[in-house]
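Heads up: the structure comes next, in structure tokens.
Order of the sequence lines sets the chain letters (A, B, ...), proteins ahead of strands, with each chain counted from 1. Computed from a predicted model, the values in this text were never measured in an experiment.
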Number of protein chains: 2
Amino acid sequence: MAVRALWFSRGALVILDQRELPQRTHLRRLTTLAGVADAIRTLAVRGAPSIGVAAAYGMVLASREGRYTPARAARLLGATRPTAVDLFHGIEAVRRAWADGADPLAAADAYKDRIVEECHRIGTAGAPLFRSTRRVLTHCNAGALATVEWGTALAPLRVARQRGAHLFVWVDETRPLLQGSRLTAWELAQERIPHAVIADNAAGHFFRTGQVDAVIVGADRIARNGDFANKIGTYEKAVLAHENGVPFYVAAPWSTFDARRARGTSIPVEERSEDEVLAFAGRPTAPRQSHARNPAFDVTPARYVTAFVTPSGVVRPRAVARALDRAA
Amino acid sequence: MAVRALWFSRGALVILDQRELPQRTHLRRLTTLAGVADAIRTLAVRGAPSIGVAAAYGMVLASREGRYTPARAARLLGATRPTAVDLFHGIEAVRRAWADGADPLAAADAYKDRIVEECHRIGTAGAPLFRSTRRVLTHCNAGALATVEWGTALAPLRVARQRGAHLFVWVDETRPLLQGSRLTAWELAQERIPHAVIADNAAGHFFRTGQVDAVIVGADRIARNGDFANKIGTYEKAVLAHENGVPFYVAAPWSTFDARRARGTSIPVEERSEDEVLAFAGRPTAPRQSHARNPAFDVTPARYVTAFVTPSGVVRPRAVARALDRAA
């Protein structure tokens with residue numbers, strides 16, 4: 001793999017600081033729970049599966065600091081971001097091992113290996129959908145940076161390319177934090193995959209003029225009924241795809257499914273600081289007197305989803321609940 | 001009026017340089033056709049009606065420079081921006097007077113007065129639509145800056161407020177050039193109208209959660225069948241409003257209607273430099289190797305429009321052609 005988001009090495013969690021891409025590839029060594037919590041909160045590490053793995057290793061570091069109980073460490077890491085359910089899966093996997101006297105690092109490694117393997121299986125399961133598709137749109141970053149390796153949304157595209165597909169990727173820049181232009185474009189550039197960055201506003205124009213053949217995005221949380229939360233703007237693209245008869249796929253590992261949540265409308269949506277909207281690179285973009293609203297996620301109803309691409313195959317929205325019950 | 005975009009004074013066209021807002025209110029004096037053409041091309045003056053008025057005064061300046069024929073001056077100014085039809089109306093109004101030996105300045109003043117008066121009548125015609133509406137979303141800037149005074153989309157809101165309506169405005173920031181957060185928010189702040197800037201991606205979330213009661217936007221060109229071109233991203237908001245049962249209004253003076261164009265699909269769409277998408281305030285937002293696409297406008301089919309707000313009243317899309325024939 002050309003891109004890897006984080007790894008554990010010599011007593012530290014090493015992360016590629018995603019706030020500094022694409023200008024700088026800066027590796028940071030984190031050695032404490034507080035450091036990992038801060039990295040998650042400030043988006044140095046982001047993307048639901050990567051957050052889950054980072055939190056798992058945060059639990060490992062906490063177990064070595066000698067100042068936390070497993071429950072307290074889990075609580076502190078769980079408070080960093082409210083929307084992604086992976087966070088809680090990653091924490092829980094290590095908390096259980098730690099509380100049972102097993103090796104926390106082995107539990108975190110196993111959790112990470114499972115995520116990476118699930119993403120690869122997402123790639124294998126989804127690749128046939130893109131065999132004869134040429135122009136694919138994606139939103140935000142659901143690539144290797146978001147999932148340690150492979151990606152969720154980008155995994156089927158990577159596998160399809162390995163199998164000879166000629167793909168072109170429309171990259172929504174994804175305001176306010178530009179995960180599309182900064183991170184997805186960076187990943188695609190690393191692997192020389194043809195792509196064009198567009199303002200989020202321009203996606204509709206390319207849909208309407210027949211220049212988008214499919215959409216694939218990741219997810220932060222998926223409810224039993226197939227409603228799902230993802231980066232703000234995802235709902236807009238789903239409605240536009242639907243309106244223009246373009247298939248809309250959501251790729252996610254099983255850790256992103258929330259088996260106990262009946263519908264998406266109850267998923268908590270994080271609202272972040274208005275400064276992310278009112279300024280850019282330290283320079284104000286709006287008058288001093290203006291306020292902003294900054295929801296970080298939105299919820300897309302299941303009826304706009306053509307299919308979920310999971311590690312066990314392609315699942316229609318109506319079949320999600322059954323698949324979850326079978327997996328449980 | 002608190003805000004005025006441009007005026008003619010002592011042999012010069014004075015413009016409020018819209019590229020420098022909201023940081024600086026910088027007035028520039030233009031004394032040549034070349035200066036006006038450059039101001040239009042570089043978006044120092046923007047918004048279809050303002051562009052038309054600026055071009056009209058550009059013709060006046062050309063008539064005094066002694067180096068242009070009316071036809072050549074018209075051709076040079078007409079080449080600055082391809083999408084807005086107002087540009088050609090403004091140029092033509094003065095070209096005719098100049099070619100006929102009449103006073104170009106009187107013709108330009110008359111054109112400007114008509115635009116300002118039409119915008120005020122748009123305000124009067126549209127205000128009743130917002131009598132009991134609380135939360136209105138707008139895209140780009142169709143305010144006084146775009147139309148010399150009053151605005152198109154903002155005129156009905158201004159008049160409704162004078163009549164006691166309590167309005168709150170959602171301001172799409174409008175990437176790539178941020179006309180929403182830089183210009184519309186600035187106009188609203190000048191007049192202390194409550195508003196919040198949002199990333200363009202967030203509009204869908206506020207639609208879906210029932211926090212938008214109506215949408216009003218301007219237009220750059222409207223075809224006989226009611227299809228219209230406007231700032232990139234307008235089509236997306238129109239589809240989302242439609243999907244969520246929210247009325248979608250388009251406000252425009254008659255100069256924005258293109259009586260000879262049957263449908264919107266043939267309207268030329270300007271594609272601007274990819275640098276507007278790949279960098280922000282001189283700082284790159286994407287990898288060096290990445291390319292971008294940057295259509296400045298999109299075309300929204302008439303079926304998404306609830307009504308056009310014109311100087312002669314509120315007109316349903318199906319009635320546009322008849323209204324145009326009557327006005328001709």
Kindly check if the number of other-residue, nucleotide or ligand heavy atoms within 6.0 Å of CZ (B:Arg41) is above 12? yes

With a 4.5 angstrom heavy-atom cut-off, is it the side chain or the backbone of B:Leu278 that approaches chain A, or both, or neither? side chain

Heavy atoms only, distances under 4.5 angstrom: which of A:Gly180, A:Ala196, A:Pro301 has the most pairs with chain B? Name it, please. A:Ala196

Just give me the residue among B:Pro194, B:Ala292, B:Pro287 that pairs up with chain A most often, heavy atom to heavy atom, under 4.5 Å. B:Pro287

Examine whether an atom of B:Pro22 lies under 4.5 Å from a heavy atom of chain A, and if so say whether it belongs to the side chain, the backbone or both; otherwise answer neither. side chain

Is there a side-chain contact (heavy atoms from CB on, under 4.5 Å) between A:Tyr235 and B:Asn201 once you walk through the steps? CA-CA 9 Å; A:Tyr235 165 67; B:Asn201 278 329; over 6 Å; no

Only pairs of heavy atoms separated by less than 4.5 Å count here; which of A:Thr184, A:Ile232, A:Asp298 has the most with chain B? A:Ile232

Between B:Glu243 and A:Tyr304, does any side-chain donor sit less than 3.5 Å from a side-chain acceptor? yes

Quick check: under 4.5 Å, non-hydrogen atoms only, which of residues 206-222 of chain B neighbour chain A? B:Phe206, B:Arg208, B:Gln211

Given the options A:Arg293, A:His139, A:Gln289, which has more heavy-atom pairs under 4.5 Å with chain B than any of the others? A:Arg293

Top of A:Asn294, A:Val299, A:Ile198 for chain B proximity - count of heavy-atom pairs under 4.5 angstrom: A:Val299

In terms of heavy-atom proximity below 4.5 Å to chain A, should B:Ala203 be classed as side chain, backbone, both, or neither? both

Could you look at B:Pro284 and say if it's the side chain, the backbone, both or neither that has a heavy atom under 4.5 Å from chain A? both

Can you list the residues that meet the salt bridge (Lys or Arg N to Asp or Glu O under 4.0 Å) rule with A:Asp17, with sequence neighbours excluded? A:Arg19, A:Arg28

Which answer fits B:Thr234, side chain, backbone, both or neither, if we ask what part of it has an atom under 4.5 Å from a heavy atom of chain A? neither

Can you list every salt bridge (Lys or Arg N to Asp or Glu O under 4.0 Å) pair that touches residues 192-203 of chain B, not counting sequence neighbours? none

Toward chain A, the part of B:Lys231 with a non-hydrogen atom under 4.5 Å: neither

List the steps, then state whether side-chain contact (heavy atoms from CB on, under 4.5 Å) holds for A:Val197 with B:His291. CA-CA 6 Å; A:Val197 178; B:His291 289 283; over 6 Å; no

Counting heavy-atom pairs under 4.5 Å with chain A, the top scorer among B:Glu274, B:His205, B:Glu236 is B:Glu236

Part of B:Gln23 lying under 4.5 Å from any heavy atom of chain A: side chain

For chain A, find its close neighbours in residues 170-179 of chain B: heavy-atom separation under 4.5 Å, sorted by number, or none. B:Trp170, B:Glu173, B:Thr174, B:Arg175, B:Pro176, B:Leu178

Choice from A:Leu188, A:Leu183, A:Val239, A:Thr285 maximising heavy atom contacts with chain B below 4.5 Å: A:Thr285

